Amino acid sequence: MKLSQLITMALLGALAVLVCSPVAFLLSGALMDGGELRQHLGPVLMDSQKAFADWSLLPNHPSLRPAVELLLDSPEFFHMFWNSVGITVGILAGQLLVGAPAAWGFARYHFPLRGPLFTLYLILMLMPFQVTMLSSFLALERMGINDTLGAVILPSAFSTFPVFIMYRFFRGIPGPIIESALLDAQGPLQVFWYIGVPLGSPGIVSAMVLGFLESWNLIEQPMAFLKNKTLWPLSLYLPNIGLENAGPAFAGAVVTLIPAFLVFLSGRDYLEQGIVASAVKE
């Protein structure tokens with residue numbers, strides 16, 4: 001093996017360790033008892049004169065008490081968990097029902113103002129939430145759905161990013177296949193359902209994986225649109241960490257990480273295809 005390859009592998013290995021280290025620290029924290037956590041986190045959370053915490057990769061006294069406390073004595077956690085499930089499912093359903101037909105229309109049909117409209121989609125995709133927060137809040141207030149889960153679901157269901165991802169895959173379907181289906185007396189809806197959806201399934205799945213990872217970790221939208229804390233998702237449970245509940249917070253972070261990790265693993269190949277497609281210029 002060449003020296004350059006060894007150096008490259010060493011650098012990539014070091015970066016991999018650096019990226020994975022927060023997860024390793026998270027797992028070790030979830031196995032520490034309260035006394036050990038207070039010892040490590042006390043300088044930051046209690047003593048203002050000492051602003052640094054120390055940490056050990058392996059717990060001195062491994063304990064499952066934080067997980068037991070979280071799963072058996074924290075009903076608020078489960079309530080927020082199901083709020084997150086409802087928000088995520090609603091957003092993904094909306095993105096699928098709205099985004100897939102919109103992407104198909106932009107990819108396969110030529111209509112007036114198609115180019116400017118798609119450019120507008122791209123501009124909206126680049127806008128951060130802070131830019132559209134006030135207008136979204138006022139629109140949701142006028143609709144009377146503020147402080148409901150629908151206030152978080154509705155704006156995200158019309159996100160333009162899934163349209164952009166699925167558009168690339170629908171655009172790549174060969175034209176002769178579409179023409180053959182039309183010649184066989186297939187209607188536009190049938191062509192979309194029987195040709196577009198199966199052949200564009202990698203783009204649809206990659207958009208859904210990305211949508212899940214984003215929806216599962218929403219923070220700003222629930223904080224802006226939900227005043228009732230009983231409607232908060234799980235992503236807002238974790239920031240409420242103090243020294244007295246550090247153990248359950250670490251365990252909750254692990255539980256929150258598991259669904260995202262499983263979805264990422266199951267859709268990793270599709271996700272890579274979607275990232276590659278989003279980087280290709282027409």
Side-chain angles (χ1 to χ4, degrees), residues 45 69-102 120-166 207-264:
L45 299 181
E69 184 177 348
L70 175 76
L71 299 178
L72 298 182
D73 300 329
S74 303
E76 180 187 18
F77 176 84
F78 287 99
H79 190 75
M80 289 186 169
F81 178 86
W82 288 112
N83 286 343
S84 290
V85 171
I87 289 173
T88 302
V89 171
I91 290 175
L92 294 183
Q95 290 181 353
L96 185 61
L97 295 175
V98 175
L120 179 61
Y121 257 69
L122 297 182
I123 294 174
L124 292 174
M125 182 181 68
L126 297 175
M127 287 185 177
F129 170 72
Q130 292 81 0
V131 175
T132 59
M133 179 177 64
L134 180 58
S135 58
S136 298
F137 181 86
L138 295 176
L140 294 170
E141 185 71 24
R142 188 67 179 267
M143 296 170 64
I145 61 173
N146 258 341
D147 206 19
T148 66
L149 294 184
V152 180
I153 294 173
L154 188 61
S156 298
F158 288 90
S159 173
T160 58
F161 185 67
V163 177
F164 176 70
I165 293 293
M166 290 185 278
M208 292 297 99
V209 171
L210 290 171
F212 177 90
L213 297 177
E214 180 182 7
S215 305
W216 188 253
N217 298 296
L218 286 179
I219 293 181
E220 294 175 319
Q221 290 86 339
M223 292 186 68
F225 301 143
L226 299 179
K227 299 177 182 178
N228 188 352
K229 292 186 177 181
T230 61
L231 299 175
W232 279 11
L234 194 56
S235 53
L236 296 184
Y237 174 84
L238 300 179
N240 297 324
I241 178 174
L243 198 58
E244 68 283 353
N245 62 346
F250 275 100
V254 173
V255 175
T256 304
L257 179 64
I258 291 175
F261 181 70
L262 294 177
V263 169
F264 173 79

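Since this is a predicted model, take the numbers as computed values, not measurements. Each residue takes its place number in the sequence, starting with 1. All heavy atoms count here, side chains included; hydrogens, waters and symmetry mates do not.
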- Query: Are P155 and L140 close enough that some pair of their side-chain heavy atoms sits under 4.5 Å apart?
  - Reply: yes
- Query: Can you check whether L236 reaches I219 side chain to side chain, under 4.5 Å on heavy atoms?
  - Reply: yes
- Taking the six-membered ring for Trp, are F225 and F137 parallel (under 30°), tilted (30 to 60°) or perpendicular (over 60°)? parallel
- Item | Euclidean distance, L231 CG relative to M80 CE, rounded to 0.5 Å | 9.5 Å
- Note on the structure: So CD of E214 and OG1 of T88: to nearest 0.5 Å the spacing works out to 10.5 Å
- Message: Could you check whether atom CZ of F261 has more than 12 heavy atoms from other residues, nucleotides or ligands sitting under 6.0 Å from it?
- Response: no
- Task: Can you measure from CG (L218) to CG (L213) and round to the nearest 0.5 angstrom?
- Result: 11.0 Å
- Would you find a donor on one side and an acceptor on the other, under 3.5 Å apart, between the side chain of D147 and the backbone of N228? yes
- Message: Less than 4.5 Å apart, side chain to side chain, heavy atoms only: is that true for V255 and F77?
- Response: yes
- Tightest non-hydrogen contact, residues Q95 and M166, listed as O-CE, 4.1 Å
- Task: Count the heavy atoms belonging to other residues, nucleotides or ligands that lie under 6.0 Å from CE of M125, then report whether that count exceeds 12.
- Result: yes
- Message: Donor-acceptor pair, distance only, cut-off 3.5 Å: does the side chain of N83 make one with the backbone of W232?
- Response: yes
- Message: I'd like to check M143 versus L154 (side-chain heavy atoms, cut-off strictly below 4.5 Å). Are they in contact?
- Response: yes
- Do T132 and S135 come within less than 4.5 Å of each other through their side chains, counting heavy atoms only? yes
- Side chains of I91 and F212 in contact at under 4.5 Å (non-hydrogen atoms): no
- pair W216-T256: side-chain heavy atoms closer than 4.5 Å: yes
- Task: For P233 and I87, work out which heavy atoms get closest and say how close.
- Result: CB-CD1, 4.0 Å
- Task: Side-chain contact test, heavy atoms from C-beta onward, threshold under 4.5 Å: evaluate it for M127 versus L124 and give yes or no.
- Result: yes
